[in-house]
Amino acid sequence: MRPEQERVRIAKLEELRKLGIDPYPADLYEVNTTSAEIKTECAHLNAGEKVEEGKYKQVSVAGRLMGRRIQGKAGFAELQDPEGRVQIYMNRDELCPGEDKSYYNNVYKKLIDLGDILGVKGYVFKTQTGELSIWVTEYTLLTKAIKPLPQPKTDEDGKVYDAFTDPELRYRQRYVDLIVNPKVRDTFIKRTKLMNTMREYLNEKGYLEVETPILQPLYGGAAARPFKTHHNTLDMTLYLRIANELYLKRLIVGGYDGVYEFSKDFRNEGMSRFHNPEFTQIELYVAYKDYEWMMNLVEEMVEKVALALHGTTEVQVGEHVINFQRPWKRYTMYGAIQHFTGIDVSGMDEAQLRATCDKLEIKVDDSMAKGKLIDEIFGEKCEPFLIQPTFITDYPVEMSPLAKKHRTEPGLVERFEAIANGKEICNSFSELNDPLDQRERFEEQVNLGKRGDDEAMTLDEDFLRALEYGMPPTAGLGIGIDRLSMIMTNSPTIQEVLFFPQMKPEKQPVYATEEDYKAIGIREELIPIIQELGYFEIEKLKVVKATKLHQDVSGMRKKMKLKEVKNPSLEEVEGWLA
RNA sequence: GAUUUCUUAGCUCAGUUGGUAGAGCAUCUCCCUUUUAAGGAGAGGGUCCUGGGUUCGAGCCCCAGAGGAAUCACCA
């Protein structure tokens with residue numbers, strides 16, 4: 001049973017059809033401008049002045065009706081198009097020059113609702129209060145909305161009332177969120193602009209955007225648990241990729257000297273405000289470069305992104321202003337740990353590191369090896385305090401099985417991460433291209449797996465074979481697009497930068513059909529009463545006491561004023577439940 | 001997974017020691033030809049998340065469950 005408001009709108013739908021107005025017309029609607037264009041191009045008008053000639057004397061705009069202020073024989077309304085809102089002026093005698101005023105009185109005032117999609121034609125003018133508006137000479141209903149929208153209102157100071165804020169509803173019905181919350185729409189425009197800026201930057205440098213498999217027989221390139229699926233024809237297990245690193249490196253072996261991919265990756269792990277099971281990364285590999293070179297690229301590219309989105313390198317994130325202007329601060333990992341804890345961990349063995357973790361009150365478990373322990377210390381004591389963009393370089397070899405050993409520092413690899421707002425935004429290294437070293441590292445990972453680390457990497461023979469043909473020295477980079485978008489749009493959760501974040505499934509009750517009700521002997525005219533009482537499922541109905549149901553139905557019949565409907569007898573009700 | 005907390009009208013929210021369920025906006029009717037959180041008059045609209053319990057009586061107290069949120073754990 002639909003709520004009354006929706007029933008009213010469906011009735012209006014029929015009313016419109018009777019008047020010969022198709023509420024869902026098929027023909028295209030020619031639009032020649034937008035709300036934003038009108039606001040910039042007609043700003044010169046004085047209050048009370050109208051456009052006398054040119055394009056803005058005959059504008060055509062389409063959008064959703066979002067606000068309406070009717071004043072008898074005329075009224076104002078707001079039309080929302082992708083660029084924003086523009087006020088429209090509807091005048092009865094303008095729209096209905098003849099005797100018949102029904103197109104205004106009946107259709108516009110009664111049959112058109114907030115949320116409907118309209119096309120309007122007319123001329124631009126400025127009202128006496130100085131608001132640019134369209135004086136409508138003709139309007140067309142383009143789509144009738146059956147469900148009412150939430151109605152947030154904004155006052156002069158930009159304060160929002162009755163905002164549509166429930167996160168569950170906002171994420172499940174993102175379309176509604178996008179209609180009524182302009183900031184949300186802007187966030188996603190910024191996200192796309194962010195990716196486009198990167199794409200343009202990398203294309204300009206001549207790198208090739210590529211696509212690699214999402215369904216992979218072996219997952220690799222990162223440490224994470226995968227989603228597992230099955231291919232019927234080949235009767236084999238496939239995994240959704242957790243990274244695309246190993247495939248992109250194969251392409252470097254193949255002779256491209258710069259490849260990148262924006263990729264959806266999938267990790268079967270916990271969800272939080274920083275984690276969604278599917279997320280987006282960009283990975284970039286450039287031949288004949290090293291991680292030092294890549295750091296400079298990251299600085300330049302991210303600075304460009306900030307400028308493209310905000311026109312400045314300074315971005316407000318929560319309570320901080322983060323400045324992405326080059327150059328960024330750089331620490332080695334050991335240097336950062338020394339800086340924040342005063343402890344030099346560079347020469348420590350596993351036992352000493354465990355003791356240090358105890359001293360710093362960091363929880364560790366037995367499956368953690370040396371590299372993991374150092375990472376824990378860094379993650380606990382350093383990372384959260386790095387607000388301004390900072391590079392952390394030179395990680396322990398144990399936690400970076402795909403990175404090249406440091407050219408001068410034994411036990412370390414040539415790897416860096418960029419941290420901003422206390423979170424990693426990118427990960428990069430001089431790629432390991434020694435096939436024998438790579439095999440050993442994979443074997444260490446396999447041992448870690450046996451020790452209980454369920455995120456240890458698997459050994460990929462084909463990848464090793466590729467390396468054995470020779471991969472040139474290569475710098476690789478991965479940037480978390482969602483995390484970077486969060487920072488660049490000042491969004492506190494990853495859900496705010498994903499159109500459709502993963503949610504628990506929505507509970508959908510199985511509604512009984514009219515036939516289901518009739519099947520147990522309920523008269524057709526009683527069905528609306530049963531539904532009004534909330535018995536949408538036969539199973540729910542069956543467990544009610546006959547006397548209560550009999551009372552309820554009779555009572556509801558009276559309440560619904562269904563005088564022509566005859567109340568069921570108690571025996572009749574007992575018959576339904578038998 | 002743990003802890004805390006929330007769930008009342010289409011939306012945002014009140015709801016007193018347990019005593020007939022409220023407001024604004026939205027909807028419907030009427031008035032209003034430059035308003036803009038338009039305004040004025042009136043009306044309709046509720047499974048108080050669900051199921052038990054205590055009580056003469058539960059939106060409120062107790063128990064269980066569902067869903068959401070936050071924090072933690074997990075997560076390079």
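None of these values were measured; they are calculated from a predicted model. By convention in this document, chain letters (A, B, ...) are assigned in the order of the sequence lines, proteins followed by strands, and residues within each chain are numbered from 1.
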Practice prompt. Dump the intermediate steps for ring-ring contact (aromatic ring centres under 6.0 Å, His included) on A:F227 and A:Y219, then the final yes or no.
Written response: CA-CA 10 Å; A:F227 286 91; A:Y219 56 96; over 10 Å; no
Worksheet entry | Given RNA chain B, 5'-ward residue of the pair A:T493 and A:D113, judged by closest heavy atom | A:D113
Discussion item. Tell me whether the side-chain N/O atoms of A:K372 come closer than 4.0 Å to OP1 or OP2 in B:rA76.
Written reply: yes
Fill in: Gap in Å between the two C1' atoms, one belonging to B:rG67 and one to B:rG53, rounded
23 Å
Practice prompt. List for me each residue that meets side-chain hydrogen bond (donor to acceptor under 3.5 Å, both in side chains) alongside A:K249, sequence neighbours excluded, and say none if there are none.
Written response: A:E245, A:E431
Worksheet item: Contact class for A:T165 (heavy atom, under 4.0 Å): base, sugar-phosphate, or nothing?
Response: sugar-phosphate
Worksheet item: If only side-chain N and O atoms of A:K12 are considered, is one of them under 4.0 Å from the OP1 or OP2 phosphate oxygen of B:rU27?
Response: no
Item to complete: Could you tell me whether A:A223 contacts a base, only the sugar-phosphate backbone, or nothing, with contacts defined as non-hydrogen atoms closer than 4.0 Å?
Response: base
Discussion item. Do A:D177 and A:Y175 pair up side chain to side chain, a donor and an acceptor below 3.5 Å, judged on atom types alone?
Written reply: no
Worksheet entry | Base partner of B:rC49, which must satisfy Watson-Crick or wobble distances under 3.5 Å | B:rG65
Item to complete: Considering just the side-chain nitrogens and oxygens of A:R69, establish if one lies under 4.0 Å of OP1 or OP2 belonging to B:rA38.
Response: yes
Please list, pair by pair, any protein nitrogen or oxygen found under 3.5 Å from a nitrogen or oxygen in nucleotides 31-34 of chain B.
| unit_1 | atom_1 | unit_2 | atom_2 | d |
| --- | --- | --- | --- | --- |
| B:rC32 | N3 | A:I70 | O | 3.4 |
| B:rC32 | N3 | A:G72 | N | 3.1 |
| B:rC32 | N4 | A:G72 | N | 3.4 |
| B:rU33 | OP2 | A:K73 | N | 3.0 |
| B:rU33 | O2 | A:Y89 | OH | 3.3 |
| B:rU33 | O2 | A:N91 | ND2 | 2.9 |
| B:rU33 | O4 | A:D93 | OD2 | 2.4 |
| B:rU34 | O2' | A:Q128 | OE1 | 2.8 |
| B:rU34 | O2 | A:Q128 | N | 3.0 |

Practice prompt. Tell me yes or no: between the side chains of A:R85 and A:S35, is some donor less than 3.5 Å from an acceptor?
Written response: no
Practice prompt. Select one nucleotide: of B:rA38, B:rA76, B:rA69, the one nearest the side-chain heavy atoms of A:K153.
Written response: B:rA38
Worksheet item: Hey, does A:Q151 reach any base, or is it just sugar-phosphate, or nothing, if we go heavy atoms under 4.0 Å?
Response: sugar-phosphate
Practice prompt. Return the 5'-most residue of the pair A:G221, A:D162 with respect to RNA chain B, ranking by each residue's nearest nucleotide.
Written response: A:D162
Worksheet, complete the sentence: Whole-Å distance, A:R68 CZ to B:rC25 C1', equals 15 Å
Worksheet item: Are a donor atom and an acceptor atom from the side chains of A:N244 and A:E261 found within less than 3.5 Å of each other?
Response: yes
Worksheet item: So what does A:Q5 touch, heavy atoms closer than 4.0 Å: a base, only the sugar-phosphate, or nothing?
Response: base
Worksheet item: Is the number of heavy atoms from other residues, nucleotides or ligands under 6.0 Å of A:K101 NZ greater than 12?
Response: yes
Discussion item. Within the 4.0 Å heavy-atom criterion, would you say A:E156 contacts the bases, only the backbone, or no part of the nucleic acid?
Written reply: sugar-phosphate
